Amino acid sequence: MTNTASQQPRALPPTWEPASVEADLYQRWVDAGYFTPQPDSDKPPFCIVIPPPNVTGSLHMGHALEHSLMDALTRRRRMQGFDVLWLPGMDHAGIATQNVVERELANEGKSRHDLGREAFVERVWDWKATSGGMILNQMRRMGDGVDWTRERFTMDEVLSRAVQTIFKRLFEDGLVYRAERIINWCPRCHTALSDIEVEHSDDEGEFVSIRYGDGDRSVVVATTRAETMLGDTAVAVHPDDERYRHLVGTEVELPLTGRAIPIVADEHVDPEFGTGAVKVTPAHDPNDFEIGRRHDLPAIMIMDERGIITAHGPFEGLDRFEARPAIVAALRAQGRIVAEKRPYVHAVGHCTRCGTVVEPRLSLQWFVRTEPLARAAGDAVRDGRTTIHPPELAKRYFDWVDNMHDWCISRQLWWGHRIPVWYGPNNEVVCVGPDEEPPGEGWTQDPDVLDTWFSSALFPFSTLGWPDQTKDLARFYPNQLLVTGYDILFFWVARMMMFGLYAMGGRQPFDHLYLHGLVRDPTGKKMSKSRGNIIDPLDWLDEFGADATRFTLSRGANPGADMAISADWAAGSRNFCNKLWNATRFALLNGATVASPVPARDTLTDADRWILDRTEAIVSEVDERYEEYEFAKLCAALYHFTWDELCDWYLEIAKVQIAEGGERAEATRAVLGHVFDVVLRLLHPLIPFVTESLWTTLTGNESLVIAEWPKATGAAVDAGAARRIAGMQKLVTEVRRFRNDQGVKPGQRVPTRLSGVDEAGLSALSQAVSSLARLAEPGEGFTPGASLEVALPDGTVHVEMDLSGTVDVAAERKRLEKDLAVARKEMTGCEAKLGNPNFTDKAPADVVAKIQSRRDVAAADIERITARLESFGD
RNA sequence: GGGCGUGUAGCUCAGCGGAAGAGCACUCGGCUUACACCCGAGCGGUCGCAGGUUCGAAUCCUGUCGCGCCCACCA
């Protein structure tokens, strides 16, 4: 630390101003190399990879939350002596990014086909170059302690090699295959989608019943997608359905086409639903495809990749949604519509990327055979190699991996990792590894690219250099932890588990998985552009600073649970940072120091011993909370400790002790130095900037980033001091309340006399009450005008105050009556319990004792208050 | 259609078998030489509803109503 100016406590401004220092501090940390691990050190490794944000955009509040938590966790580990690698990176986000660039092109009146594949991909790279920088900047502003020397992108050469390598391995193991299947097709993006890229919503449609065939050999089928009837190749009924038994094996004529189609019996049909007869369209419906396979039916494609009808006839060239009513109308004209239900609400699949209604479509795609991989992924969690926090979410994980369908990985896009498969002139299929030459003349590469999640699934090891056996890979795999939102448990986490275990010889990608919740708006609603309730983290970074933004998000984070945030919370966090700033500044102004050790405990005051014990306790509590990722609770504990205990009580007491001068003052300065040293260390992972500024000033050391994390010493707690301080607090509060009730001016010193405590206690209490409650020592000619009695752990203290006969009897009476009511209620409750033999027999002794003492206290209170009320007369 | 979760102070949430809590908001009083991004005091809840288990239930069980999320090939 060379900046001598900032070592002058008097130079610290009275308000914490994050904007002026954050960027400099961050640059200093990066330049010093604090965030770059030294794999040759003998420290234990701690590695965590960033869930790579899409290059498509800027960071939203969810990222800000995720980064706050990851940074807190990694900073703490670094302070604990781990060799920490937090690895940053970005995701090429295939379909999302391609869509963005295509939209841009559309504005120029062009399509990607106008550019051609190569030029288009180049254009996406250009776009990535400009857009990606935004995200990195935001991470710097957040203060993310990531190792920039190891930044990765899913389409980097190294990561692309990893993709190709694992694809080839899967290919050779028979775990990827190419097959004609019904897949989810987005007619707008012109690509296949995996199951989880389809979002279902309840949409209104029309459910029409159509008569196929004529007379008593006819059958009525029902559908919501009437246009698909053009591709029907059968009608199916349940084998046990008496109504249709005579028809099975016969044929009916398919209206509008004149084709004859068979009536088949299939178990899949639910006789209770609709008419019990199902039209079968093997090329455009997954169930029908299966029925078709069982009955060896042809599959007739009637729509192209844009959703345009291709079946010859009057409907050719119509969009599927135009064809639907047209076909219904044509059928109606023939008298074949026997029933219509409208509106008919049913689940309809939409493309997660563009919202277009997904069309099931028969096509040739690449799939990952997930069964063995998913089983391994389930086992790794079941046998504890990977632990999920919070544990409740493990169930969701199992539901998924235990029922996984094969994963469609080919996408008809240009932006992404091209499938490394070549087809020969005679339909040969060759998978080409990263270091192999593609086959020559007459061979063509598969035009498709891989699902974007295919490459991000490799992130825990591809980023460390795999398939090469690098030093990083050996040291940092498995990653110790992964932090991400529960919303991508299936998209990303499960797939990382599958590929990690597969590629790394059964070793899990990460030991611990922490799933955080989603950030919601102030009223708990999901943030979305359409709702217009998005809060941009950059706004908060500007207005409140990085520390306040981070602290707000951290203290809202309960494991796996969503959180609602608002600017009020951020303001509160900013206030907290400022409180910490001023408290430390005050301590420094009063000579707080870490240079001299804290004196022996027997020379310290109750208050000193109490705050030292509380400091110990908070160290332990924070550690325990971190182990369970209880951010909200650890933040609350630190907030409460810093503000209430340290500032509101100890700092006020310290003023008195320092005013005493001499050894008392010196001891207090040492205690202050120690306590602030510890609390700044504890807070640093959460609010790195303000703590760094303060701590370097307090200690003169280089940086808090590389300071040691506090360890609880496990020393015995001074219960006596704790009790006496609690008593003092209660007394002071009672006196303040009394003064408030009595309308005594805050500045007005009231002569006071305490009794009911021993000599030593009296002196300490008098002093405390006098200064903290802003009263005065009793003067000459003391005339008590009012008194109150406060029951403390060590007895009852009487406080007399000379209000010179100006006691507001009405106010006092009101207060006492309220207290009396409370005491009576308490008394009644306790008596009822104690009078119940079942309770006294069955409840644990300590509970009974507690109730008894409560009863005694209430009884004493009632007596005291009654006497006092009587003394007022009427 | 399944599965999961959740309903606690005006708001956002802790508490999950033994005296109803926090932050914010609100009321009252204060520029008390660290901080008005502050200090002090206070108001505010039959813990969704109905049953049950228990000496005792916000906490466990059952039912019910409301909300949320995930999964889903009933045409």
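FYI, side chains are in, hydrogens and waters are out, and symmetry mates aren't considered; it's all heavy atoms of this structure. Protein chains get the first letters and strands the later ones, always in sequence-line order, with residue 1 at the start of each. Note that the coordinates shown come from a computational prediction; the quantities given were computed from them, not determined experimentally.
Stem analysis of RNA chain B (Watson-Crick or G-U pairs, both distances under 3.5 Å, runs of at least three) returns B:1-7 with B:65-71, B:10-13 with B:21-24, B:26-30 with B:38-42, B:48-52 with B:60-64.
Put simply, the side chain of A:L634 reaches to within 4.5 Å of the side chain of A:L686, judged on heavy atoms. Between A:H405 and A:T370 the shortest side-chain heavy-atom distance does not fall below 4.5 Å. At a threshold of 4.5 Å between non-hydrogen side-chain atoms, the residues A:H350 and A:D203 count as touching.
For the atom pair CG (A:L651) and CH2 (A:W643), the distance works out to 13.0 Å, reported to the nearest 0.5 Å. Atoms CE and CE, on A:M563 and A:M61 in that order, are 9.0 Å from each other to the nearest 0.5 Å. Between the CG atom in A:L672 and the OG1 atom in A:T584 there is a gap of 10.0 Å [rounded to 0.5 Å].
Residue contacts shown for A:K825 are absent, as no nucleic acid heavy atom lies under 4.0 Å away. Across all strands, A:Q748 comes closer than 4.0 Å to no nucleic acid atom at all (heavy-atom distances). Heavy atoms of A:N836 sit under 4.0 angstrom from primed sugar atoms or phosphate atoms, though from no base atom. Residue A:H200 is classed as a base contact, given a heavy-atom separation below 4.0 Å to a base. Residue-level contact check: A:L651 touches the bases, meaning some heavy atom is under 4.0 Å from a base atom. Within the 4.0 angstrom heavy-atom criterion, no nucleotide atom of any strand lies near A:F289. Within 4.0 Å of A:F738, counting heavy atoms only, lies no atom of the nucleic acid at all.
B:A34 and B:C28: their C1' atoms are spaced 25 Å apart (whole Å). Here the separation of B:U6 from B:G48, taken at their P atoms, is 12 Å to the nearest Å. B:A25 and B:G42: their C1' atoms are spaced 14 Å apart (whole Å). Comparing the P positions of B:A58 and B:A19 gives an interatomic distance of 12 Å, to the nearest angstrom. For the P atoms, the distance from B:C37 to B:U32 is 15 Å, rounded to whole Å. The gap from the P atom of B:C49 to that of B:C55 amounts to 25 Å, rounded to the nearest Å. Nucleotides B:G66 and B:C74 place their P atoms 25 Å apart, quoted to the nearest Å. One P atom belongs to B:C61, the other to B:C43, and the distance between them is 35 Å to the nearest Å.
Taking atom CG on A:L393 and atom P on B:G3, their separation rounds to 18 Å, with Å as the unit. In this structure, the NE2 atom of A:H346 is 17 Å from the P atom of B:A72, given to the nearest Å. Separating the CD atom of A:E267 from the C1' atom of B:A75 is a distance of 17 Å, rounded to the nearest angstrom. If you take CD1 of A:I291 and C1' of B:C74, they are 11 Å apart, rounded to a whole angstrom. Separating the CZ atom of A:R739 from the C1' atom of B:G30 is a distance of 11 Å, rounded to the nearest angstrom. Atom CG of A:D399 is separated from atom C1' of B:C69 by 13 Å (rounded to the nearest Å). Protein atom CD of A:E831 is 16 Å distant from nucleotide atom C1' of B:C55, rounded to whole Å. Atom pair A:E17:CD and B:C35:P shows a separation of 14 Å (rounding to whole Å applied).
When each of A:K745 and A:R225 is assigned the nucleotide of RNA chain B with its nearest heavy atom, A:K745 is the one assigned upstream, toward the 5' end. Each of A:N582 and A:E272 lies near RNA chain B, and the nucleotide nearest A:N582 is the one positioned closer to the 5' end.
Judged by a 6.0 Å distance limit and a 45° cone about the ring axis, A:R555 is not positioned over the six-membered ring of A:F631. Taking the centre and axis of the six-membered ring of A:Y212, the NZ or CZ atom of A:R336 falls outside the cone set by 45° and 6.0 Å.
Among A:R736, A:K655, A:Q729, the one residue that satisfies the side-chain contact (heavy atoms from CB on, under 4.5 Å) test with A:L772 is A:R736. Remark: of the listed residues A:K633, A:E630, A:H389, A:E630 is the sole one forming a side-chain contact (heavy atoms from CB on, under 4.5 Å) with A:P559.
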Report all interatomic pairs (protein N or O, nucleotide N or O of nucleotides 38-44 of chain B) with separations under 3.5 Å.
residue	atom	partner	partner atom	Å
B:C38	OP1	A:N575	ND2	3.1
B:C38	O3'	A:K579	NZ	3.1
B:C39	OP1	A:K579	NZ	2.7
B:C39	OP1	A:W643	NE1	2.5
B:G40	O3'	A:R736	NH1	3.3
B:A41	O4'	A:N740	ND2	3.0
B:C43	OP1	A:K818	NZ	2.2

| note | Letter by letter from the 5' end, nucleotides 7-19 of chain B scores (B base, S sugar-phosphate only, - none; protein heavy atoms under 4.0 Å) -----BSSS--BB
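Within the structure, every side-chain polar atom (N or O) of A:Y486 is placed at least 4.0 Å from both OP1 and OP2 of B:G5. Considering only side-chain N and O atoms, A:K526 lies nowhere under 4.0 angstrom from the phosphate OP1 or OP2 of B:C69.
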| Could you walk me through whether A:D232 and A:V280 pass the side-chain contact (heavy atoms from CB on, under 4.5 Å) check? | CA-CA 5 Å; A:D232 284 4; A:V280 181; over 6 Å; no
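Between A:R320 and A:E227 no salt bridge is recorded (no basic side-chain N to carboxylate O distance below 4.0 Å). Note on A:E206 versus A:K341: no salt bridge recorded, every NZ/NE/NH1/NH2 to OD/OE distance being 4.0 Å or above.
A parallel orientation is assigned to the rings of A:Y344 and A:F207, their planes being inclined by less than 30° (bins at 30° and 60°).
With B:A75, B:A34, B:A72 as the choices, the nucleotide that has an atom nearest any side-chain atom of A:K279 turns out to be B:A75.
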